[in-house]
Structures are given as C-alpha cells and as structure tokens.
Amino acid sequence: MADAGRASRGPRGITVLGATGSIGVSTLDVVARHPDRYRVRALTAHRDVEGLLAQCRRFRPELAVMADAGQAATLADALAGEGIDTRVAGGPEGLLEAAALPDAELVMAAIVGAAGLAPTLAAVRAGKRVLLANKEALVMSGALFMDEVRRHDAVLLPIDSEHNAVFQAMPAGFRPGRTPEGVRRVLLTASGGPFRDTPVEALARVTPDEACAHPNWDMGRKISVDSATMMNKGLEVIEACWLFGLPAEQVQVVLHPQSVIHSMVDYVDGSVVAQLGNPDMRTPIAHALAWPERIDSGVQPLDLVTVGRLDFEAPDPVRFPCLRLAYEAWAAGGTAPALLNAANEVAVAAFLDGMLDFPGIPGVIEDTLAALPPVTADSLDTVLAADREARERARDLVVARQRRSAS
Ligand code: NDP
C-alpha cells in the first residue's frame with residue numbers, strides 16, 4: 001500500500017498487536033488524543049483478559065484477540081455480558097487476522113519477543129504501515145523481513161526510540177531499507193541501564209526487580225532486563241543494520257546516561273544530527289503514527305536547562321558482554337541473530353524466574369551460540385527451526401547451570 005500521508009478521508013484504522021503491554025498502552029494513549037485521526041480496529045493480548053476488556057470498553061474495536069486461545073471464551077463472555085459487540089478470536093490465527101485486518105491501515109507491532117514475528121510479517125505482507133516496536137522480529141529474520149517489506153510495498157516505521165531518532169535525522173526522503181547517502185555512522189545512544197556503575201563482581205547478586213528498575217524508561221520486564229545487560233542495544237545494532245542499510249562497523253554505541261539524545265547520524269561533511277526529547281515512548285509512537293505530519297503526543301516539552309548536562313562514554317565490554325555477542329552474531333550472519341535472540345529470551349525468562357543469575361544470561365547465550373553453528377537464513381522455516389533449536393539448547397544450559405550451582 002503506497003502511503004501518501006494522511007488523506008482527508010476520516011480516521012485511519014489501527015490494529016495494536018500487544019495492546020496490553022507498555023508500548024500498546026502508550027500507543028492507545030496517543031491514539032485517544034486524536035479521535036478525528038485514528039479509529040482502533042483490532043487489539044490483541046496474550047493472557048491479560050482484564051486489560052484487554054478495559055481497552056475494548058474504551059475503544060470498541062471490531063476484533064479482540066487473546067493469543068492464549070484458552071482465554072478467548074472468558075473475554076467473549078465478559079464482552080457479551082456488557083453488551084459490547086467486539087468479535088473475539090484466539091490463538092495464532094487470531095493474531096494473523098488482526099495483523100491483516102482490511103479496515104486497519106496502520107499496525108503497531110508491539111508483541112514482545114519472537115512471538116511477534118508471524119503477526120508482524122502478516123502485517124507487512126498485507127502492505128500495512130507497520131510501526132515496528134517488536135525488534136526481535138527483525139533481528140530474527142532481517143533479510144527475509146526486509147524483502148517482504150519491499151515486495152508488498154509496506155511502509156516500515158521504527159518505534160524503538162533510537163531508530164526513530166535516527167530515522168528523523170536521516171536525509172529527507174530516506175525510507176527504512178534503503179542505504180542513505182553521505183552517512184558516515186549511526187550513533188546509537190544507550191543509558192547503560194541500572195547497573196552502569198555497579199561493581200562487576202556484585203552483578204551475580206542483583207535481583208530481577210533491581211534489573212527492571214530502569215533509571216530513565218518505564219518498560220516491560222523483558223526489555224528492561226535486556227537494557228540492564230545491554231542485549232537490548234545489541235539487538236538494536238542488528239535492527240539498525242537492517243533498517244538503515246549499513247554494516248555493523250558503521251553503527252556505534254555511545255553511553256549517554258541522561259537518555260535525552262535518543263540517537264545521532266554522523267555525516268561525511270562532519271555534521272552530527274541528533275534527535276532529543278524526554279524519555280517517553282509516546283514521542284516516537286506519535287511520530288510514526290502521523291508521519292510525515294506531527295501531532296501532539298502528551299509528552300512534556302524538554303527543558304534543557306533542567307537537564308543541565310549531557311554526558312557520553314564508551315560502553316565497558318567486560319560489564320556488557322551481550323553487546324559483543326550481538327556484534328558477533330551479526331558478523332556470523334545467517335541464522336546467528338535468531339539463535340542469539342532465542343537464547344536471550346530463554347535466559348532472560350530464567351533470570352526473571354529466579355533460575356539463573358544475572359551473569360548467567362550472557363553465559364547461556366554464549367554457550368548456545370558456541371554449540372549451534374548458524375546456517376543460511378533462506379526461509380522462515382529455517383529461521384523458526386533455529387529459534388526452536390536455540391531455545392532447547394539454552395533451556396538445557398540453564399538446567400545444567402542450576403545443577404552446578406546447587407552442588
Ligand atoms: P510488554 O511485556 O509490556 O508487553 C508485551 C505485549 O505482548 C503484551 O500485550 C502481551 O500480552 C503481549 N504478548 C506477550 N507474549 C505474547 C505471546 N506469546 N503472544 C502474543 N502476545 C504476547 O512489552 P513492551 O511493551 O515493553 O515491549 C513490546 C515490544 O516493544 C518488545 O519487542 C520491545 O523490545 C519493544 N520496545 C519496547 C519499548 C518500551 O519502552 N517498552 C521501547 C522500545 C521497543 P499480555 O499483556 O496479555 O501478557
């Protein structure tokens with residue numbers, strides 16, 4: 001679908017995949033500010049029936065999907081009990097239907113992790129304007145994903161604050177998937193997360209709640225842990241390579257504790273163009289919703305005098321081994337990023353469940369990658385097979401580590 005900005009034909013339909021999550025809720029907050037521009041057509045959740053029910057009450061979508069099919073009847077009964085005529089679907093088929101719904105021109109892809117790959121791809125294949133928060137989908141299947149974007153004339157707009165910032169700082173007319181002219185480097189900023197100054201030897205004792213207490217951003221638990229390990233930045237490096245058509249050597253990570261500069265583009269003439277703002281995801285969400293126009297997002301204006309200073313430093317490779325692992329996975333190519341992503345999801349879930357200590361996260365990922373050589377990622381089946389294999393191997397490694405620490 002060629003996207004020619006906002007046509008004067010009433011509100012545009014939007015589907016929010018992962019509506020009950022942190023990004024989903026922020027998206028609906030922005031959408032609710034502009035009823036003249038957007039109408040919610042479909043919403044999806046995994047298991048949070050209460051959350052999705054409340055959103056259905058407010059936005060009256062035509063379709064609501066519980067990814068956990070076992071929860072769909074509960075939602076349907078509750079909606080019927082309140083006289084709300086939203087249709088309910090469940091399971092993977094329901095997600096695919098929501099992603100490709102004809103009445104929704106926009107799709108926010110905000111399911112967390114590999115579970116978002118199939119529905120995000122379905123939105124791409126339906127030629128939607130895809131607002132991509134679900135970076136894991138692109139990391140897993142980059143070449144295939146970008147081919148599908150081109151083939152189906154979908155419009156891909158980055159929601160990750162860093163990539164959205166880079167997109168805003170790119171030359172006029174640039175579209176994700178192309179290679180920009182005159183760009184020397186992309187500089188991705190990173191806060192360093194909650195453990196930027198924690199002594200490395202103390203990391204073995206940090207708790208999941210401490211890892212999720214991000215100093216600047218309020219996010220879902222998985223991405224919060226990814227930020228603490230800096231795997232989030234590693235995934236973002238891979239995401240940036242695909243979105244901006246650059247080799248990893250041209251994507252550099254800079255620690256910037258204030259999270260005010262969201263990222264920068266360094267041009268060959270010496271200009272460095274940055275995008276700044278308060279750390280609130282409603283800014284990139286509003287940008288992508290309205291692009292190329294601008295709309296109010298509800299975010300407070302940035303007060304640079306209060307911010308006072310902006311600091312920068314290089315990331316410490318000993319403290320943040322996940323960053324190195326991501327660069328290595330990109331260099332290895334093929335299914336290596338899918339293996340990396342799957343091992344990370346298993347390791348993070350094990351850490352959140354108290355089955356793995358914090359340094360065990362890079363440990364499990366590194367051992368998984370060492371055990372499973374990547375192959376050419378020539379089809380979605382190959383990518384999904386790599387994902388399954390890495391999950392199995394990573395789970396075994398978690399159990400082995402638990403046994404070792406118990407003995
Ligand atoms: P959350 O954990 O807050 O929300 C995840 C959403 O996905 C929820 O709606 C959840 O449903 C749903 N979900 C979870 N598992 C499944 C599944 N197996 N099948 C279908 N749906 C599922 O995540 P975030 O909003 O923090 O992150 C979403 C994505 O956006 C991630 O890829 C993240 O990396 C990316 N992102 C997030 C940022 C942030 O500030 N939060 C910033 C930049 C990128 P339920 O509520 O029912 O569990």
Side-chain angles (χ1 to χ4, degrees), residues 15-29 42-56 64-72 74-75 89-99 107-120 122 130-140 157-165 188-191 193 212 214 216-229 231-236 238-240 243 259 262-263 278-285 287-288 299 341 344-345 348-349 352 387 391:
T15 285
V16 184
L17 303 170
T20 47
S22 166
I23 293 289
V25 168
S26 293
T27 303
L28 291 173
D29 181 277
L43 296 172
T44 82
H46 185 213
R47 297 201 176 109
D48 183 1
V49 172
E50 281 305 315
L52 200 58
L53 176 62
Q55 293 179 341
C56 289
V65 180
M66 296 304 304
D68 179 348
Q71 306 288 331
T74 314
L75 179 66
E93 292 306 318
L95 292 177
L96 298 183
E97 186 189 351
V107 175
M108 167 57 78
I111 290 174
V112 62
L117 176 57
T120 304
V130 179
L131 282 49
L132 184 73
N134 179 212
K135 69 193 86 183
E136 297 92 341
L138 186 55
V139 167
M140 288 174 73
L157 296 172
I159 291 297
D160 236 332
S161 60
E162 296 77 1
H163 305 74
N164 183 272
L188 296 182
T189 53
S191 70
C212 289
H214 195 281
N216 306 334
W217 295 94
D218 181 13
M219 308 182 285
R221 283 173 81 77
K222 189 262 178 183
I223 186 176
S224 295
V225 177
D226 285 348
S227 297
T229 61
M231 179 55 90
N232 183 48
K233 211 52 53 182
L235 299 177
E236 287 178 9
I238 298 173
E239 185 184 10
L243 288 174
S259 299
H262 298 308
S263 280
N278 283 318
D280 186 322
M281 288 307 294
R282 291 177 299 173
T283 293
I285 290 168
H287 173 264
V299 175
N341 178 67
N344 180 56
E345 286 190 27
V348 170
L352 287 171
D387 177 82
R391 278 170 204 275

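These figures come from a predicted structure and were not determined experimentally. Atoms within each ligand, like the ligands themselves, are counted from 1 in listed order.
Residue, atom and distance of the protein heavy atom nearest to atom 35 (C) of ligand 1 are A133 O, 3.1 Å. Among all non-hydrogen protein atoms, the one lying nearest atom 34 (O) of ligand 1 is K135 CE, 3.3 Å. Among protein heavy atoms, atom 48 (O) of ligand 1 sits closest to H46 CB, 3.7 Å. Looking at atom 3 (O) of ligand 1, its nearest protein heavy atom turns out to be S22 N, 2.9 Å. In this structure, the protein non-hydrogen atom closest to atom 5 (C) of ligand 1 is V112 CG1, 3.7 Å. In terms of protein heavy-atom proximity, atom 21 (N) of ligand 1 is closest to I111 CG2, 3.6 Å. Here the protein heavy atom with the shortest distance to atom 45 (P) of ligand 1 is T20 OG1, 3.4 Å. At the top of the distance list for atom 26 (O) of ligand 1, counting protein heavy atoms only, stands G220 N, 3.0 Å.
In M281, the part holding a heavy atom less than 4.0 Å from any atom of ligand 1 is the side chain. Under 4.0 Å from ligand 1, the heavy atoms of E136 that appear belong solely to its side chain. Under 4.0 angstrom from ligand 1, the non-hydrogen atoms of A67 all belong to its side chain. At a heavy-atom cutoff of 4.0 Å, ligand 1 is contacted by both the backbone and the side chain of D48. By the criterion of a heavy-atom distance under 4.0 Å, neither the backbone nor the side chain of S26 is placed next to ligand 1. At a heavy-atom distance under 4.0 Å, only side-chain atoms of A115, from C-beta outward, approach ligand 1.
Between L28 and L43 the shortest side-chain heavy-atom distance falls below 4.5 Å. Taking 4.5 Å as the limit, some side-chain heavy atom of V225 sits within range of a side-chain heavy atom of C212. Between D48 and E50, some side-chain heavy-atom pair lies under the 4.5 Å cut-off. Within the 4.5 Å cutoff, the side chain of L52 has heavy atoms near those of the M66 side chain. Counting heavy atoms from C-beta on, the side chains of W217 and S259 come closer than 4.5 Å. Within the 4.5 Å cutoff, side-chain heavy atoms of V348 are placed close to those of L352.
A110 counts as a contact of ligand 1, since one of its heavy atoms falls under 4.0 Å from the ligand. The shell of residues lying under 4.0 angstrom from ligand 1, judged by heavy atoms, includes A19.
In this structure, N164 contributes its side chain and P158 its backbone to a donor-acceptor pair below 3.5 Å. A distance-only check finds a donor-acceptor pair linking the side chain of Q55 to the backbone of A19 [under 3.5 Å]. In this structure a side-chain-to-backbone donor-acceptor pair under 3.5 Å is missing from E345 to G113. For N232 (side chain) and I223 (main-chain N/O), no donor-acceptor pair under 3.5 Å exists by modelled atom type.
Looking at ligand 1, you won't find any N or O of S161 less than 3.5 Å from one of its N or O atoms. For ligand 1, none of its N or O atoms has an N or O atom of M219 under 3.5 Å away. Between D160 and ligand 1, no N or O atom pair is found at a separation short of 3.5 Å. In terms of polar-atom proximity, R221 is not counted as a contact of ligand 1, lacking any N or O under 3.5 Å from an N or O of the ligand. In terms of N/O distances under 3.5 Å, ligand 1 is not approached by I223.
Residue-ligand proximity, A45 to ligand 1, at heavy-atom distances under 4.0 Å covers atoms 11 (O), 47 (O).
Contacts of E162 classified as side-chain hydrogen bond (donor to acceptor under 3.5 Å, both in side chains), with partners at least two apart in sequence or in another chain: K233.
Across all non-hydrogen atoms, the minimal contact from S263 to L188 is OG-CA, 3.3 Å.
Among L132, L138, I23, the residue whose heavy atom lies closest to atom 27 (O) of ligand 1 is I23.
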#### Entry: From CA spacing to verdict: side chain to side chain contact (heavy atoms under 4.5 Å, CB included), S191, H214
CA-CA 9 Å; S191 70; H214 195 281; 3.1 Å; yes
### Message
The test is side chain to side chain contact (heavy atoms under 4.5 Å, CB included); show your working for V112 and E136 and say whether it passes.
### Response
CA-CA 8 Å; V112 62; E136 297 92 341; 4.1 Å; yes
